[in-house]
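Data first, discussion second: the structure below is written as structure tokens.
Just so it is clear, the model here is predicted, and its values are computed rather than measured. Chain A is the first sequence line, chain B the second, and so forth, proteins listed ahead of strands; every chain is numbered from 1.
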2 protein chains.
Amino acid sequence: MELKEYVRDVPDWPKKGIVFKDLTPLFKDPEAFRFALDSLHDRYREAPVDKVVGIEARGFIFAPTLAYMLGAGFVPVRKPKKLPWQTEQVTYELEYGTDTLEMHRDAIEPGENVLLIDDLLATGGTASAVVKLIERQGGNVTGIGFLVELGFLNGRSKLNGHDVYALIQY
Amino acid sequence: MELKEYVRDVPDWPKKGIVFKDLTPLFKDPEAFRFALDSLHDRYREAPVDKVVGIEARGFIFAPTLAYMLGAGFVPVRKPKKLPWQTEQVTYELEYGTDTLEMHRDAIEPGENVLLIDDLLATGGTASAVVKLIERQGGNVTGIGFLVELGFLNGRSKLNGHDVYALIQY
């Protein structure tokens with residue numbers, strides 16, 4: 001199945017000059033949605049995975065289903081003040097300014113094997129920040145999986161030493 | 001399995017006097033997470049479902065997995081300016097002020113059977129607004145399912161005439 005047929009290019013979004021890869025046509029098509037999830041599952045079914053981590057908000061669309069399929073737990077990473085209990089924070093650089101993400105302090109036990117799943121690998125800044133959050137809690141990042149990779153932004157260079165995989169390449 | 005054992009009460013969050021029902025302990029436990037999803041799936045497996053709709057952000061944690069299990073597509077409802085393409089909007093009343101939600105214009109075809117899944121039924125304002133969005137696109141709401149219902153807030157009264165179900169009752 002050619003998943004790229006279900007990705008919609010939206011020009012000048014979220015700002016002028018950027019062509020956004022809209023995955024909602026893939027999500028709403030039962031066959032494409034199932035094929036994408038089954039393909040990710042095939043990639044990780046032999047891996048030891050205790051927890052799957054997903055990042056707010058688009059990352060929540062795929063990561064929990066992978067957790068279900070792998071028999072793992074799901075851990076949400078959210079923007080500040082969205083998680084109700086005690087959190088660990090990480091702050092990272094953007095093109096202009098910084099961004100902060102949080103995870104609950106009891107989300108991961110030391111030594112657990114953790115799979116990080118997100119929708120898009122662009123510059124790799126968000127994923128590498130979340131890897132820090134996972135490792136600070138003693139988690140072992142066994143894989144980092146994306147639906148889409150924008151290869152020309154070279155985000156993999158920020159994730160050196162990790163097993164990085166993307167279902168759809170641009 | 002007693003799912004309430006996996007729900008954490010967080011007092012005075014998001015504001016003083018409110019006891020928040022934190023579901024992250026349920027999400028991170030593989031058995032509880034699987035049991036909750038399998039129970040929702042059992043409830044809807046005989047229903048005709050073309051699309052499952054989930055609401056940003058916590059609603060994304062369960063709804064897409066249900067879509068996968070039921071062989072349906074997934075449709076995200078998001079806050080304004082988060083969806084990249086043409087949207088339909090709905091604005092609804094809160095205790096103080098209003099809130100707005102959006103859905104892509106091509107998300108649902110006329111006559112499709114739609115299951116709405118969200119984490120929490122409180123006053124019912126959000127769910128009844130999303131029902132309007134679905135029906136405006138010609139969708140037929142075949143069920144509205146929640147993980148948790150705060151029965152004392154009587155949110156069901158706003159969803160009259162619909163099949164409403166919640167896995168955990170308070």
Are [X] and [Y] side-chain neighbours, meaning at least one heavy-atom pair lies under 4.5 Å?
| X | Y | answer |
| --- | --- | --- |
| I61(B) | D119(B) | no |
| L150(B) | F152(B) | yes |
| W85(B) | T24(A) | no |
| V52(B) | Y44(B) | no |

**Study point:** Sidechain N-carboxylate O distance under 4.0 Å for R78(B), E102(B)
**Key:** no
Chain A: which of [options] shares the most heavy-atom pairs with it under 4.5 Å?
| options | result |
| --- | --- |
| D50(B), D106(B), I108(B) | D106(B) |
| E31(B), K82(B), K81(B) | K82(B) |
| A32(B), P64(B), G54(B) | P64(B) |
| P25(B), A72(B), P30(B) | P30(B) |

Joint cluster assignment, [X] & [Y], ILVMFWY side-chain distance < 4.5 Å:
| X | Y | answer |
| --- | --- | --- |
| V148(A) | L167(A) | yes |
| F146(B) | L120(B) | no |
| L159(B) | M103(B) | yes |

Check your understanding: Heavy atoms under 4.5 Å from chain B: which residues of residues 130-139 of chain A carry them?
Key ->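 Residues qualifying by a heavy atom under 4.5 Å from chain B are absent, so none.
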Practice item. Tell me the residues of residues 1-21 of chain A whose non-hydrogen atoms fall below 4.5 Å from those of chain B, in number order. Key: R8(A), V10(A), W13(A), F20(A)
**Study point:** N/O donor-acceptor pair under 3.5 Å between E56(A) side chain and K79(A) backbone
**Key:**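 Yes: the side chain of E56(A) pairs with the backbone of K79(A).
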Point to revise | Side-chain donor or acceptor of T142(A) paired with backbone N/O of V114(A) under 3.5 Å | key: yes
Exercise for review: Select, from A67(A), G71(A), G73(A), A63(A), the one with the greatest count of heavy-atom pairs under 4.5 Å involving chain B.
Suggested key: G73(A)
Check your understanding: Between L66(A), L37(A), L26(A), which shows the greatest number of heavy-atom pairs under 4.5 Å with chain B?
Key ->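 Among L66(A), L37(A), L26(A), the one with the most close pairs to chain B is L37(A).
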Point to revise | Toward chain B, the part of P84(A) with a non-hydrogen atom under 4.5 Å | key: both
Exercise for review: Select one option (side chain, backbone, both, neither) describing which atoms of K28(A) are under 4.5 Å from chain B's heavy atoms.
Suggested key: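 Both the backbone and the side chain of K28(A) come within 4.5 Å of chain B.
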Point to revise | side-chain contact (heavy atoms from CB on, under 4.5 Å) evaluation trace for R58(A) with L23(A) | key: CA-CA 9 Å; R58(A) 277 187 293 267; L23(A) 295 171; 6.0 Å; no
Point to revise | Closest heavy-atom pair and its distance - Y92(A), G125(A) | key: CD1-O, 3.7 Å
Review point. Quick one: are the ring centres of F27(B) and F62(B) less than 6.0 Å apart?
Key: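 Between F27(B) and F62(B), the centre distance is under 6.0 Å.
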